[in-house]
Structures are given as C-alpha cells and as structure tokens.
K.L.:
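Mind having a look at this structure? Questions to follow.
Proteins get letters first, then strands, A, B, ... in listed order; numbering begins at 1 in each.
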Number of protein chains: 2
Amino acid sequence: MATDFRNKLQAEGLKVTPQRVAIFEAILRLNNHPTAEDIIAFIKTNHPNISVGTVYKVLDIFVEKKLIQKVKTEKDVMRYDPFLSNHHHLYCANTERIEDYEDEKLNQLIAEYFKKNKIKNFKIQDITLQITGKFSSQNKSKK
Amino acid sequence: MATDFRNKLQAEGLKVTPQRVAIFEAILRLNNHPTAEDIIAFIKTNHPNISVGTVYKVLDIFVEKKLIQKVKTEKDVMRYDPFLSNHHHLYCANTERIEDYEDEKLNQLIAEYFKKNKIKNFKIQDITLQITGKFSSQNKSKK
DNA sequence: GTTGTAAAGATAATGATTCTTATTTAGGAA
DNA sequence: TTCCTAAATAAGAATCATTATCTTTACAAC
C-alpha cells in the first residue's frame, strides 16, 4: 500500500519525498476526509517544519495525478479522500462528518439504468451519490 | 411565482426588499447555478448600488429558509440553485458548467433500493447524484 | 565538486466571504 | 399619512483558506 503509493508517484515522474509520504499517510490516518488544515495539524507533530504552501501544492499534485480526490461539499474549505474506487458519500445533516459508502450492487443498478436511459447530449463518466442524513451513533466507525 | 416568493419571505417574517427580489430574480435568470459574483454582476446593471455584503447575507438567508440551495462543487466558490425539487446535477468534466437533471423514475428506483437495503447506522434524508461527464454541445440548453 | 532541476520553506498576495458600524428602509401601529 | 422600530442595507475593513513568489535545499547527472 505504501509501496503502491511510491510506485504511483514514480510512475508519474514525481519524487518520493518525506513530505509527500507524510501528507499521504496523514490523509489515510485522518480517515474522515480531512481538510488541508487537519492534515497540517496532524503532520506538524512529527514534522514541525512543514510549510503550509507545500501541503497545498502536494495535495493539488495528488489530485491531479489521481492519488486522492477532492470531496464536494457546501463549504468553502476543501476536503480530501484517499479512496479512489467508485464510492459514494454519506453527509451528516448536522455535523461536518462525511463517510465513504461503497455499494457495488447499487453501482450496477444505476449503471444499468443509465444504459437503458441515456441522458440527452451528455456522456456520463462518473456517478457519485451524495447521501445526506443522520448517523445513529455520533462515534466515528473504526475501520 | 414572484408572488410565491414574496409569500414565502413573509411567511418567514422576512421583509420583501428590492434587493431580495433582485437577487432572487438574478438566480432565476442566470440559470446555470451562478456564483455570488455572477449574481452581483447581473444585478449591478439595474441596481448599481447594491452591496456585496448584502448579496452574501441574502443568499445565506435564502439557503437557510430553503428558497434556494447551495450546489456542492470541488471549487472554493459557492454556487446557488433556485430549483428545490428533488433533482440531480450534471457536472461538465472540463468546464464549470452544471445543469440540473430531473428523473422521477430514477428517484423511485433509488428510493426502492434503499428501502430494501438500509445503510447501517444512517438515516437517509436526501439523495442527490453528481453525474460527471461531457456535454455534447457546448451551448447551454434553453429552458 | 559543479551544475541543473524539482521540491520545499517562508512569507507575501489574492480573493471569496464575513464582520462591523452607521445609515436607511419596510411595514406595522398610531 | 405619519411615526416608530426592528430589520435590512451600504460601505468598507477584516478574515482566512488558498495561491503565488522568491529563496533555499536535495539530489541526480555530468
């Protein structure tokens, strides 16, 4: 997994630096779709000299190279998701909590639907559900 | 429709001001999910003295009172949608274009699916699809 | 070692959004 | 209609996430 990350960086001709490793690990550990601020705070404990600009730049690169993705929200702060497989998001209606939701059966159902029911003048590349609601426990589920 | 808007404001105990009317009309006219900036630019032609802060405050109030909704995007600029019925969004992969997509049959399909397949520890309130892809014509469809 | 280049650090700049304060206005009551 | 008052607006300062700039560092190629 960590190796996977290194390989992917190198495949793109990008250097594997301690900062990049730390940022990627931070996103994995902070598994609730962290903001840049969350990531910086997390990294600062082990890596006090990291620069804010570096974090943003590295995040942009990761997104561009599809190592992570940005999560769409109604807030003006960006959030990041290290998870790349086709999945959906559960948004808490009351808090900032966002969880990933995987459901292959649902994906197939939707894919089949759109195979039969094309959208006029639009070629679908990706479909993601935003599911808003309430978590029954406030505690974050452990992975 | 305009009356509807006035009534809704008054029902909430809010005053019907020229600014609020202008902002609401702007969002309706600029029917591609405008940013605050778009709205300000549009209004400035007829209403040159409107204040930027007012526009933001009024937009917040509209969202809070559910007269409009914010559209989730991966960008740090907020966009607004005057359309309230349950609908989805088509995001252009290359441009900033966002279109509404209504599909009652799809909504039912998904609703049925989740009736049978509950999400553990989560109570669904709303489901919106983010459909990313490419429009076959660059021209905005006329309503 | 020197050179070249990508990356990181530090910090200034930007720009969307929010806040503050004084002034104006909508809309109800007199 | 006029008056009153809370609510709303205007103007501009402040905030804060993000971006840009410029310098320094790391490291590979020569």
K.L.:
Taking atom types as they are modelled, would you say the side chain of A:Ser51 forms a donor-acceptor pair with the base of C:dA10 within the 3.5 Å cutoff?
P.N.:
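Side chain to base: pair present.
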K.L.:
What's the closest nucleotide to the A:Met78 side chain, out of D:dT9, D:dT18, D:dA10?
P.N.:
D:dT18
K.L.:
Rounded to whole Å, please give me the gap between CG in A:Asn49 and C1' in C:dA10.
P.N.:
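Answer to the nearest Å: 11 Å.
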K.L.:
Could you tell me the separation between the NZ atom of B:Lys75 and the C1' atom of C:dT17, rounded to a whole number of Å?
P.N.:
18 Å
K.L.:
Answer yes or no: does atom CD of B:Glu37 have more than 12 heavy-atom neighbours from other residues, nucleotides or ligands under 6.0 Å?
P.N.:
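Open.
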K.L.:
With no hydrogens and no angle check, is any side-chain donor or acceptor of A:Asn32 less than 3.5 Å from a backbone partner on A:Ile98?
P.N.:
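Between the backbone of A:Ile98 and the side chain of A:Asn32 there is a qualifying donor-acceptor contact (under 3.5 Å).
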K.L.:
For D:dA10, does OP1 or OP2 lie under 4.0 Å from any side-chain N or O of B:Gln19?
P.N.:
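Affirmative; the distance criterion is met.
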K.L.:
So which atom in A:Leu106 and which in B:Tyr113 form the shortest heavy-atom distance, rounded to 0.1 Å?
P.N.:
N-OH, 3.5 Å
K.L.:
How long is the line joining CD of B:Glu12 and C1' of C:dA26, in whole Å?
P.N.:
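Atom CD in B:Glu12 sits about 18 Å away from atom C1' in C:dA26.
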K.L.:
May I have the distance from A:Ile39 (atom CD1) to D:dT18 (atom C1'), rounded to whole angstrom?
P.N.:
13 Å
K.L.:
Quick one: label B:Pro18 by what it contacts on the DNA or RNA (base, sugar-phosphate, nothing), any heavy atom closer than 4.0 Å.
P.N.:
sugar-phosphate
K.L.:
Among D:dT19, D:dA10, D:dA8, which nucleotide has an atom closest to any side-chain atom of B:Leu14?
P.N.:
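Out of D:dT19, D:dA10, D:dA8, the nucleotide with an atom closest to B:Leu14's side chain is D:dA8.
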K.L.:
With nearest nucleotides of DNA chain C determined for A:Gly53 and B:Arg79 from heavy-atom distances, which residue corresponds to the more 5′ nucleotide?
P.N.:
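Its nearest nucleotide being more 5', the pick is A:Gly53.
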K.L.:
How many Å lie between CG on B:Leu59 and P on C:dT18, as a whole number?
P.N.:
10 Å
K.L.:
Take atom CG of B:Asp38 and atom P of C:dT17, then tell me their distance rounded to the nearest Å.
P.N.:
11 Å
K.L.:
Which sits closer to the 5' end of DNA chain D, B:Lys15 or B:Val55, going by the nucleotide each is nearest to?
P.N.:
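The residue whose closest nucleotide sits nearer the 5' end is B:Lys15.
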K.L.:
Do A:Ile110 and A:Leu129 touch side chain to side chain, with heavy atoms closer than 4.5 Å?
P.N.:
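Yes - at least one pair of side-chain heavy atoms lies under 4.5 Å apart.
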K.L.:
So does A:Tyr56 get a side-chain nitrogen or oxygen closer than 4.0 Å to the phosphate oxygens (OP1/OP2) of D:dT18?
P.N.:
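Looking at the OP1 and OP2 atoms of D:dT18, one of them is under 4.0 Å from a side-chain N or O of A:Tyr56.
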K.L.:
For the pair made of CG in A:Asp60 and C1' in C:dA8, what is the distance, rounded to whole Å?
P.N.:
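My rounded result for the distance is 15 Å.
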K.L.:
Of all the choices, D:dT9, D:dA17, C:dA8, which nucleotide is nearest to the side chain of A:Thr17 once you look at every atom?
P.N.:
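Minimum distance to the A:Thr17 side chain belongs to C:dA8.
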K.L.:
Which is more 5' along DNA chain C, the nucleotide nearest B:Ala36 or the one nearest B:Gln10? Just name the residue.
P.N.:
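Per heavy-atom nearest nucleotide, the more 5' residue is B:Ala36.
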K.L.:
Kindly assign one of parallel, tilted or perpendicular to the pair A:Phe62 and A:Phe24, based on the angle between their ring planes and the thresholds 30° and 60°.
P.N.:
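Geometry flag for A:Phe24 against A:Phe62: perpendicular rings.
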K.L.:
Side chain of B:Arg20: nearest nucleotide among D:dT19, D:dT9, C:dA8?
P.N.:
D:dT9
K.L.:
For A:Ile61 and D:dT18, what is the distance between atoms CD1 and P respectively, to the nearest whole Å?
P.N.:
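The distance from CD1 of A:Ile61 to P of D:dT18 comes to 16 Å, rounded to the nearest Å.
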K.L.:
For B:Phe135, is the NZ or CZ atom of B:Arg97 found under 6.0 angstrom from the centre of its six-membered ring and inside 45 degrees of the ring axis?
P.N.:
yes
K.L.:
Closest-nucleotide mapping onto DNA chain D: is B:Asp76 or B:Ile50 further toward the 5' terminus? I mean the 5' end.
P.N.:
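It is B:Ile50, whose closest nucleotide lies nearer the 5' terminus.
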K.L.:
Among the candidates C:dA16, D:dT21, D:dA10, find the nucleotide nearest to the side-chain atoms of A:Lys57.
P.N.:
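For A:Lys57, the side-chain atoms sit closest to D:dT21.
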